[in-house]
Amino acid sequence: MLAQYTRLRCFQLTSEMAGQPAGKIHSMPELPEVETMVRDLEGQMVGRRITGVDLPFAAEVKYPDPLEFRDRVVGRTVNAISRRGKYAAFQLDGADVLIIHRGMTGSLFLRNSSDPQEAHIRVLFRLDDGRELRFNDPRKFGSVLLMERSGLERPLPWLRMGPEPLDDEFDAATLRRALARRTALLKPLLLNQSVVAGLGNIYADEALHLARIHPQRRADTLSTHETKRLHAAIRTVLAEAIAGRGTTFSSYRDYEGREGDFQHRLRVFGRTGAACPRCGTAIIKLVVGGRGTHMCPRCQKV
DNA sequence: CCTGGCACCTGCAAGC
DNA sequence: TGCTTGCAGGTGCCAG
């Protein structure tokens, strides 16, 4: 792992977790946002026992069926919390791991049971300290699963996922091998979790800009030098974002909370028409692989 | 196997 | 003001 990545252990509460009024905070759950969440929750939840489960929207649980899910979760203690790609994994005592993917709009709130419930809670875990872990997911794109951590019961969702971009095993040669025979455009490939884990639309755009590579380049046309730049850019962008506790978008809010601050340091994403931080040219937005894509037309030539 | 396109779902913003 | 329309994007499924 990158040195700064392991050294950055901090356990600040997010505004949501601290129980402040929620306002409208929305963080895009890519790798840095999930990493931030996992570190925060680890400091709060390890050792806690789950005493009950509510399923206001049972379809959020993808496996097993709701009755078995509740049966296997209730009474278990959280031993550790980790991350793989965009998945959070709660290691429970016994054989099972509770897996949560936030989809696009999912958030985890840690609140007192007496706190009023938010509008789109899909799964709620009651804890033995009087608090609740609430999975709020307005658009229902998220998923919750429970299975044996051995993967014998059912393949774990990250079985075919690519390498962790901040691990040592992810080097430039690995990235080059993953891209060398691919004819697809670079941007959609970076969003493909089997190439490298954890990138979403924000950090794919940010990494391509930092590497000065056009998102519509065919993957197999990248030179060795360009691949090295892209590899370094992916790690730099993700490490920076983790240091900033992720990117948080808020359409409106009426208080100063402790949300992530990386949205203020984005180079291209969401900055259509604004100046490229490198050359000053206006950032443009196009659609690549069906996704909004932000880039500098001068720094990122085809 | 790979690629590209679309569906899923809902809140929000833009347009009339 | 209030309605309609389109957009946002992670993932899974489908056809070619």
Side-chain angles (χ1 to χ4, degrees), chain A residues 22-35 37 56-63 83-89 99-108 118-123 135-145 154-162 165 177-208 215-222 238 241 246-254 262-263 266 268-273 283-295:
Chain A
K24 287 291 178 188
I25 294 181
H26 179 48
S27 84
M28 303 285 191
E30 302 184 33
L31 185 152
E33 292 72 32
V34 180
E35 178 70 20
M37 178 191 84
F57 180 68
E60 197 87 348
V61 176
K62 310 303 179 192
Y63 184 88
R83 179 193 58 73
R84 178 75 171 96
K86 303 172 189 175
Y87 288 91
I99 298 165
I100 298 183
H101 192 294
R102 291 164 57 186
M104 270 188 54
T105 58
S107 303
L108 284 173
E118 297 77 3
H120 306 290
I121 301 299
R122 311 303 185 192
V123 183
F135 188 30
N136 192 66
D137 185 20
R139 303 230 335 237
K140 302 176 177 173
F141 279 17
S143 50
V144 176
L145 310 97
R154 181 189 163 101
L156 297 168
W158 47 77
L159 180 68
R160 293 180 182 167
M161 195 172 268
R177 276 194 300 276
L179 299 179
R181 288 189 175 76
R182 308 296 290 263
T183 61
L185 303 181
L186 203 43
K187 165 83 183 256
L189 270 188
L190 290 181
L191 297 178
N192 182 338
Q193 302 297 295
S194 67
V195 173
V196 55
L199 287 178
N201 209 34
I202 296 175
Y203 298 110
D205 283 3
E206 292 296 304
L208 286 167
Q216 289 174 310
R217 282 282 297 281
R218 252 177 60 161
D220 59 3
T221 68
L222 284 202
L238 293 176
T247 299
T248 310
F249 290 119
S250 49
S251 44
Y252 55 90
R253 62 170 180 266
D254 53 6
F262 199 68
Q263 62 273 18
L266 293 173
V268 288
F269 191 88
R271 298 189 64 244
T272 310
I283 301 297
I284 61 171
K285 180 178 180 181
L286 52 156
V287 176
V288 181
R291 296 294 176 230
T293 299
H294 309 74
M295 58 166 290

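If you're wondering where the values come from, they're calculated on a predicted model, not measured in any experiment. These values consider heavy atoms only, across backbone and side chains, with no hydrogens, waters or symmetry-generated copies. Every chain is numbered from 1 and lettered A, B, ... according to where its sequence line falls, protein lines coming before strand lines.
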- Item | N or O in side chain of His101(A) less than 4.0 angstrom from dT11(C) OP1/OP2 | yes

- When rounded to whole Å, the CD to C1' distance for the pair Gln216(A) and dG4(B) reads 14 Å

- Task: May I ask you to evaluate whether Lys86(A) reaches the phosphate of dT11(C), defined as a side-chain N or O under 4.0 Å from OP1 or OP2?
- Result: yes

- Query: If you measure from the P atom in dC14(C) to the same atom in dC9(B), how many Å do you get, rounded?
  - Reply: 16 Å

- For dA8(C), does OP1 or OP2 lie under 4.0 Å from any side-chain N or O of Arg291(A)? no

- Note on the structure: Testing dG10(C), dA8(C), dT10(B) for proximity to the side chain of Lys285(A), the answer is dA8(C)

- Between atom CD1 in Ile202(A) and atom P in dG10(C), what is the gap in whole Å? 8 Å

- Message: The side chain of Lys140(A) is closest to which nucleotide in this list: dC9(B), dG10(C), dG11(B)?
- Response: dC9(B)

- Message: Within the 4.0 Å heavy-atom criterion, would you say Thr183(A) contacts the bases, only the backbone, or no part of the nucleic acid?
- Response: sugar-phosphate

- With sequence neighbours excluded, tell me which residues meet side chain to side chain contact (heavy atoms under 4.5 Å, CB included) with Ala180(A). none

- Task: Compare all side-chain heavy atoms of Met295(A) with those of Asp205(A) and state whether any distance is below 4.5 angstrom.
- Result: no

- Consecutive Watson-Crick or G-U pairs in runs of at least 3, all under 3.5 Å, in which DNA chain B is involved: B:2-8 with C:10-16, B:10-16 with C:2-8

- Query: Once you round it to whole Å, what is the distance between C1' of dT10(B) and CZ of Arg122(A)?
  - Reply: 9 Å

- Message: As a quick check of understanding, evaluate side-chain hydrogen bond (donor to acceptor under 3.5 Å, both in side chains) for Asp137(A) and Ser107(A), giving each step before the final call.
- Response: CA-CA 6 Å; Asp137(A) 185 20; Ser107(A) 303; over 6 Å; no

- Message: Applying side-chain contact (heavy atoms from CB on, under 4.5 Å) to Arg182(A) and Asn192(A), what does each step give before you reach the verdict?
- Response: CA-CA 12 Å; Arg182(A) 308 296 290 263; Asn192(A) 182 338; 4.0 Å; yes

- Task: Take atom CG of Leu191(A) and atom C1' of dG5(B), then tell me their distance rounded to the nearest Å.
- Result: 15 Å

- Item | Stacked cation flag Arg122(A) on Phe135(A), 6.0 angstrom / 45 deg | no

- Query: Atom CZ of Phe141(A) to atom C1' of dT11(C): distance rounded to whole Å?
  - Reply: 9 Å

- Could you tell me the separation between the CH2 atom of Trp158(A) and the C1' atom of dT11(C), rounded to a whole number of Å? 16 Å

- Message: Mind checking if Gly292(A) touches a base, just sugar-phosphate, or nothing, with heavy atoms under 4.0 Å?
- Response: sugar-phosphate

- Query: Would you say Gln193(A) reaches dT11(C)'s phosphate, i.e. side-chain N/O to OP1/OP2 under 4.0 Å?
  - Reply: yes

- Rounded to the Å, how far apart are Glu60(A) CD and dC9(B) P? 11 Å

- Item | Close side-chain approach of Lys86(A) to His101(A), heavy-atom, < 4.5 Å | yes

- Item | Atom-pair distance (CG on Asp137(A); C1' on dT11(C)), nearest Å | 13 Å

- Item | Contact check, side chains of Leu31(A) and Leu199(A), non-hydrogen atoms, under 4.5 Å | no

- Walking DNA chain B from its 5' end, the first of Leu185(A) and Arg160(A) to be reached, judged by nearest nucleotide, is Arg160(A)

- Item | Shortest side-chain distance from His120(A), nucleotide among dT10(B), dT3(B), dG12(C) | dT10(B)

- Query: Measuring from Arg154(A):CZ to Lys62(A):NZ, what's the distance to the nearest 0.5 Å?
  - Reply: 11.0 Å

